[in-house]
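Both ligands and their constituent atoms are indexed starting at 1 by order of listing.
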Amino acid sequence: MRRLFIAGNWKMNLLREDAVALAEAVAAKADTVGMVDFAVCPPSVYLDAVGQALRGSKVGLGAQNMYHEAKGAFTGELSAAMLLDVGCQYVILGHSERRHILGETDLDVNRKVKAAIAAGLSPIVCVGETLAQREAEETLQLISSQFRGSLADLTEDDMQKVVIAYEPVWAIGTGRTASPEQAEQVHADLRQMLKDQYNTAVADTVRIQYGGSVNEGNAASLLSQPNIDGALVGGASLKADSFLAIAIKAISG
Ligand code: PEP
């Protein structure tokens, strides 16, 4: 049985005071929502402060990115060990904004995934097609190629530490969400890829989140799909009530 996992990607939003206040509000209320795992992923400069605000709560801390090298002359980058040192358990890798705006490739993502797992972090690895790819009926091909590229050369044990986030690019921050059927189809395809590449045990264990304009109104129908194990939430994670309402709807709906 996979536990629901709801993670908030705060992206490049909030300054320290608001970030800490949001973390405190999420931490205080998350403890009242059973059967769901939570994480928040603040901007990296606030990881430490947010981590302290979350201390003692059930809400995990995640970063939004990292570099694959362990240390050295990589100006501006952060290592997996640094993220662990400030209390992270998770790191989002291969988010479409990093792939499309900052030019990250599957190879870059794969290096980061391996370094994250080797250091003891759980990577939340994002995959997702653009609108043009969906309209050209290339969704399955694209998802399969990102799956093979970004998650290449992982052992069975490694793979069980990964969370996959299916995030159609056209649904991120647009208010337009995949229908439950569209999302479920891709999640079922990803589950089959896990089964083909590994085995049923791995396929049954790995959590696959959906991301793309998830909110309190659409959470129940999306998260009740058999292969959707949670959500990666952008906009709606910036307020404690709207973030937690997603989990509440998911378990009650
Ligand atoms: C995201 O950034 O991963 C995301 C899904 O954003 P939003 O919920 O705002 O679409």
Side-chain angles (χ1 to χ4, degrees), residues 4-14 18-19 22 26 36-44 46-47 50 59-66 88 90-104 109 112-113 116 122-131 133-134 139 142-143 146-147 150 162-180 182-184 186-187 190 207-223 225 227-250:
L4 280 180
F5 178 32
I6 316 275
N9 174 11
W10 295 356
K11 309 194 188 191
M12 198 174 73
N13 291 299
L14 309 173
D18 289 336
L22 176 56
V26 171
V36 181
D37 293 332
F38 290 99
V40 295
C41 306
S44 58
Y46 303 132
L47 281 168
V50 166
V59 183
L61 182 68
Q64 298 175 18
N65 183 37
M66 54 165 264
C88 287
Y90 304 99
V91 57
I92 299 172
L93 294 175
H95 190 280
S96 67
E97 286 149 16
R98 297 207 59 84
R99 291 178 185 268
H100 294 280
I101 304 172
L102 295 150
E104 272 187 20
V109 178
K112 294 180 184 198
V113 168
S122 277
I124 300 173
V125 182
C126 304
V127 296
E129 80 287 1
T130 62
L131 187 57
Q133 287 161 335
R134 175 160 283 271
T139 300
L142 184 278
I143 298 295
Q146 287 185 333
F147 174 87
S150 298
V162 171
V163 175
I164 299 176
Y166 167 55
E167 299 208 304
V169 179
W170 48 273
I172 296 180
T174 59
R176 183 177 167 188
T177 185
S179 68
Q182 283 173 321
E184 170 61 17
V186 176
H187 283 240
L190 280 161
R207 292 188 285 190
I208 310 178
Q209 297 175 316
Y210 169 77
S213 299
V214 176
N215 59 39
E216 164 177 13
N218 56 33
S221 58
L222 284 161
L223 276 67
Q225 298 299 312
N227 287 293
I228 301 185
D229 309 316
L232 182 55
V233 185
S237 71
L238 294 173
K239 294 233 158 41
D241 286 346
S242 54
F243 181 56
L244 292 158
I246 291 169
I248 292 163
K249 292 283 175 179

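At least one heavy atom of Gly173 sits less than 4.0 Å from an atom of ligand 1.
You'll find the ring centres of Phe5 and Tyr90 inside the 6.0 Å limit.
Near Gly212, with a cut-off below 4.0 Å to any heavy atom, the atoms of ligand 1 are 5 (C), 10 (O). Close contacts of ligand 1 with Ser213, meaning ligand atoms under 4.0 Å from a residue heavy atom, involve 7 (P), 8 (O), 10 (O).
Within the 3.5 Å criterion, the main-chain N or O of Gly128 finds a donor-acceptor partner in the side chain of Gln146. Here the side chain of Glu104 pairs no donor or acceptor atom with the backbone of His100 at under 3.5 angstrom.
Counting only N and O atoms by type, the side chains of Lys249 and Asn218 include no donor and acceptor under 3.5 Å apart. For the residue pair Arg99 / Ser150, a side-chain donor-acceptor distance below 3.5 Å is found, with atom types taken as modelled. For the residue pair Glu129 / Trp170, a side-chain donor-acceptor distance below 3.5 Å is found, with atom types taken as modelled.
The aromatic rings of His187 and Tyr210 sit tilted relative to each other, their planes meeting at an angle between 30° and 60°.
Gly235 N, 2.8 Å is the protein heavy atom nearest to atom 9 (O) of ligand 1. For atom 1 (C) of ligand 1, the closest heavy atom belonging to the protein is His95 NE2, 3.3 Å. In terms of protein heavy-atom proximity, atom 4 (C) of ligand 1 is closest to Gly234 N, 3.6 Å.
Using a 4.0 Å cut-off between heavy atoms, Ala171 contacts ligand 1 through its backbone alone, with no side-chain atom that close. At a heavy-atom cutoff of 4.0 Å, ligand 1 is contacted by both the backbone and the side chain of Ile172.
Geometrically, ligand 1 and Glu167 share a nitrogen or oxygen pair separated by less than 3.5 Å. Not a single N or O atom of Val233, backbone or side chain, sits closer than 3.5 Å to an N or O atom of ligand 1.
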